[in-house]
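Whatever order the structure lists ligands and atoms in, that order sets their numbers, starting from 1.
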Amino acid sequence: MTAARRRVLATAGHVDHGKSVLVQALTGTHPDRLPEERVRGMSIDLGYAFWSLPDGTPVGIVDVPGHRDFIANMLAGVGWVDAVLLVVAVDEGIMPQTREHLAIVDLLGIPRGVVALTKIDLAPDASWIARRAAEVRALLRGTSLAQAARVPVSARTGQGLDALRAALARVLGSAAPRPDLGRPRLAIDRAFVVPGFGPVVTGTLVDGTLRVGQRVRVLPAGLDARVRGLQSHGQPVDAVAPAARVAVNLAGVSAADLRRGQWLVLPDDDVPTTRLDAQVRVLSDAAGPLRHNAEVKVHLAAAQVMARVRVLGDEAIRPGQVGFVQLLLARPVVARRGDRLVLRRPSPPATWGGGVVLDPHPPRHRRWSAATQAHMRALAADDLATVLAALLALQGYGTADALARRAHRPVAAARQALEALVATARAVAWSTARGARVFVAQEQIARWNRRAVARLEAFHRRYPARAGMDAQALAEAAGVPAALARAWVTHALADGVVVRRGAFLALPGHVPRLPPGLQRALARIEAALDAAPPWPSVSTLRAQVGEAALRALLDAGALVRLSSQVVVPRGRFDAWLARLRQAFPQEPFTVAQARVVLGVSRRYALTLLEYLDGQGLTRREGEARTWLVD
Ligand SMILES: Nc1nc2c(ncn2[C@@H]2O[C@H](COP(=O)(O)OP(=O)(O)OP(=O)(O)O)[C@@H](O)[C@H]2O)c(=O)[nH]1
Ligand SMILES: [Mg+2]
């Protein structure tokens with residue numbers, strides 16, 4: 001069964017302005033669930049109802065409380081909704097939580113909505129309603145609801161309800177489908193037990209399709225579970241596509257461990273974080289500037305957590321201004337790039353501002369460095385390639401998959417943007433030994449090269465007689481990950497950072513200095529090997545010049561050891577290699593062909609080629625060998 005498209009709508013507005021009654025008028029369900037809400041006649045927590053557009057599209061409605069004491073509950077419900085129904089009662093008009101809810105809707109980037117000018121049965125005359133409509137229009141200016149229709153209604157008389165339904169249907173119908181990134185996550189806003197079924201969590205599903213039977217994880221608690229059943233719109237379903245209100249029946253976890261603010265995600269998809277980079281805007285009517293080191297309450301989806309604000313590149317962000325911050329959270333949360341957050345002052349409580357997560361796993365930045373500013377600006381850019389370049393610079397290297405995950409964008413789009421970076425030389429792409437394509441930042445390559453050069457300088461100083469370092473050992477010492485070692489060596493050679501000295505890598509200027517004793521030993525060995533074959537074995541040579549000299553000549557790269565019993569002087573080895581490359585520049589060649597070209601016995605030719613295979617210079621396929629990159 002394909003998952004049907006669904007929509008989510010949230011209410012907003014000042015206490016007692018008629019949100020819940022309007023939801024009831026639209027859907028037949030009064031969203032207040034708690035006995036205390038009935039007694040007090042006000043919403044305290046989130047309420048839920050289902051509605052359908054005329055074309056049958058199911059709409060989940062989240063009804064929020066308007067009282068200022070319950071703003072945290074309101075915030076837990078309005079994340080990721082497709083549209084908002086802002087309710088303003090015409091008898092009272094614009095009130096403090098009208099403004100605050102509107103500011104939150106705007107900070108959360110909820111892109112569309114409808115304004116219900118309600119309780120019109122209480123208005124003395126039509127001009128009163130028109131005046132309220134004008135006030136609201138002025139209030140909405142410059143917000144994400146600036147274009148919202150304002151519909152006069154009365155839940156009491158039913159007047160205007162059809163117009164309200166039509167306006168909501170228009171707005172919800174025009175909402176673009178939510179991206180399915182294959183990474184479903186549900187911001188849990190309620191957890192309870194259904195007798196006979198067990199734990200159930202509800203929330204708004206985003207970023208991917210959730211299916212019955214799927215293995216899932218509850219974060220940040222780190223609990224593994226399985227989706228036993230799914231409901232949306234009050235009906236059991238096999239799968240739900242984003243965005244949708246969903247109830248998930250879980251197996252494998254205890255209800256006591258489940259609560260609002262947790263996330264339901266796929267196993268190994270998210271890592272909780274206590275540090276976030278964000279771009280935030282301080283509300284122009286905020287009580288004061290958001291200062292460096294301020295303690296704030298961060299609302300992220302249904303979660304809330306205390307945090308300390310590090311203002312990057314400034315002492316404070318003043319009311320009406322936008323700035324970059326790093327938030328140090330008191331407890332881990334789950335966040336993905338692009339997630340919206342709201343910052344509130346803990347006491348006296350007030351909404352300070354909010355913004356968007358730019359990087360959920362940043363390093364600690366230096367507050368005043370120009371590099372930090374440039375990095376944050378790049379992270380905040382609209383252009384995906386610029387964002388990926390900034391993330392790649394932090395990470396050093398990564399696959400398209402990993403970088404797409406960090407940027408929280410589709411892999412295909414990320415790959416395309418990364419290839420564009422490669423095409424414009426802002427990144428390079430290497431292949432791992434297993435053939436995976438890895439994107440590498442130029443800065444990272446420079447860092448590896450610098451470390452390799454420093455390491456080789458020290459090595460040459462310490463062992464002047466030796467040719468250089470083993471390639472693997474050098475790559476490791478430079479900090480190159482094993483999977484990229486070979487690619488790095490290839491590029492370091494191509495860029496002239498290092499040169500090959502036989503089996504070793506050396507700095508370009510390095511000439512091994514053989515002490516006189518070793519020079520004499522080498523001359524003897526060369527003479528022995530210059531004579532007609534059969535050439536003396538390693539054992540014979542060892543007997544002639546001694547173990548220590550033989551060892552030192554091998555280390556110096558003056559001799560190349562092809563096998564346990566065969567060594568050749570460097571000069572001859574290099575000449576053989578050059579001759580083979582010249583004779584077979586592209587095409588595969590056999591042992592028989594190689595021995596003809598080199599004029600050596602079959603045994604020698606075979607020993608040489610097996611050595612080349614071992615060094616990764618050639619690869620054997622059947623009887624033939626082909627050159628690998630060098
Ligand atoms: N006269 C009149 N009264 C209304 C209308 N709509 C709601 N009311 C009354 O206004 C009061 C508050 O309505 P609710 O729907 O609970 O208000 P709310 O916005 O949900 O309030 P909170 O959830 O506490 O923020 C109730 O007594 C309703 O009966 C209307 O259109 N006309
Ligand atoms: Mg209510």
Side-chain angles (χ1 to χ4, degrees), residues 8-51 59-78 81 83-105 110 113-126 128-133 136 139 145 148-168 189-190 245 260 349-351:
V8 186
L9 173 75
T11 60
H14 195 71
V15 62
D16 222 29
H17 275 207
K19 297 179 289 300
S20 300
V21 166
L22 208 48
V23 169
Q24 183 178 28
L26 287 172
T27 67
T29 308
H30 196 292
D32 284 350
R33 305 168 283 124
L34 308 175
E36 196 190 346
E37 292 176 322
R38 299 261 156 80
V39 172
R40 293 173 68 179
M42 72 190 316
S43 306
I44 293 169
D45 207 344
L46 300 171
Y48 309 93
F50 304 122
W51 188 48
V59 179
I61 299 184
V62 182
D63 181 46
V64 309
H67 196 282
R68 62 187 162 90
D69 287 356
F70 308 127
I71 291 266
N73 291 341
M74 180 265 182
L75 278 159
V78 292
V81 300
V84 69
L85 172 60
L86 178 65
V87 176
V88 185
V90 294
D91 57 339
E92 281 197 323
I94 294 163
M95 294 293 282
Q97 270 63 56
T98 315
R99 294 178 190 281
E100 190 166 18
H101 281 202
L102 175 64
I104 287 168
V105 164
I110 300 170
V114 172
V115 179
L117 297 165
T118 191
K119 302 197 188 182
I120 52 169
D121 54 290
L122 299 180
D125 53 40
W128 177 279
I129 300 172
R131 204 162 60 245
R132 290 297 191 219
V136 169
L139 181 69
L145 296 189
R150 286 151 291 136
V151 185
V153 290
S154 165
R156 180 146 303 167
T157 67
Q159 200 188 340
L161 280 178
D162 283 340
L164 181 62
R165 282 193 193 95
L168 285 171
D189 53 32
R190 201 162 41 132
R245 290 295 308 171
R260 171 177 291 175
T351 298

In ligand 1, which numbered atoms sit nearer than 4.0 Å to a non-hydrogen atom of [X]?
X: T118; value: 31 (O)
X: M42; value: 24 (O)
X: S20; value: 15 (O), 18 (P), 20 (O), 23 (O)

Are the side chain of [X] and the backbone N or O of [Y] linked by a donor-acceptor pair below 3.5 Å?
X: R33; Y: L46; result: yes
X: K19; Y: G13; result: yes
X: T11; Y: V64; result: yes
X: Q97; Y: H67; result: no
X: H17; Y: V88; result: no

Quick one: [atom1] on [X] to [atom2] on [Y], what's the gap to the nearest 0.5 Å?
X: D63; Y: L9; atom1: CG; atom2: CG; answer: 10.0 Å
X: L102; Y: I94; atom1: CG; atom2: CD1; answer: 9.0 Å
X: R132; Y: L139; atom1: CZ; atom2: CG; answer: 12.5 Å

Heavy-atom neighbours of R165 CZ exceed 12 at 6.0 Å: yes

Do any N/O atoms on [X] end up under 3.5 angstrom from N/O atoms on ligand 1?
X: V153; result: no
X: H17; result: yes
X: L122; result: no
X: A155; result: yes

Protein contact to [atom] [nearest heavy atom, distance to 0.1 Å]:
atom: atom 29 (O) of ligand 1; value: R156 NH2, 3.7 Å
atom: atom 18 (P) of ligand 1; value: K19 N, 3.4 Å
atom: atom 15 (O) of ligand 1; value: V21 N, 2.7 Å
atom: atom 23 (O) of ligand 1; value: S43 OG, 2.7 Å
atom: atom 1 (N) of ligand 1; value: D121 OD2, 2.8 Å
atom: atom 10 (O) of ligand 1; value: K119 NZ, 3.0 Å
atom: atom 13 (O) of ligand 1; value: G18 CA, 3.6 Å
atom: atom 11 (C) of ligand 1; value: D16 OD1, 3.6 Å

N-O pairing of E36 and R40 below 4.0 Å: yes

May I ask you to decide whether D189 forms a salt bridge with R245, counting only side-chain N to carboxylate O separations under 4.0 Å?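 Counted as a salt bridge, because a side-chain N and a carboxylate O are separated by less than 4.0 Å.
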
Using a 4.5 Å cut-off on heavy atoms from C-beta on, say whether the side chain of S43 contacts that of D32. yes

Please verify whether a non-hydrogen atom of G13 lies at under 4.0 Å from ligand 1. no

Please confirm whether V87 approaches ligand 1 to less than 4.0 Å, judged on its heavy atoms. no

Among V81, V78, L145, L86, find the residue that satisfies the side-chain contact (heavy atoms from CB on, under 4.5 Å) test when tested with V105. L145

Shortest non-hydrogen separation from Y48 to T29 and the atoms involved: O-CG2, 4.1 Å

So which protein N/O/S atoms does the Mg ion (ligand 2) have within less than 2.8 Å?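 Less than 2.8 Å away from the Mg ion (ligand 2) sit S20 OG, S43 OG.
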
Residue pairs, two or more places apart or on separate chains, that pass salt bridge (Lys or Arg N to Asp or Glu O under 4.0 Å) and touch residues 92-102: E100-R344

Is there at least one protein heavy-atom neighbour under 4.0 Å from atom 27 (O) of ligand 1?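 Given the 4.0 Å cut-off, atom 27 (O) of ligand 1 does not count as touching protein heavy atoms.
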
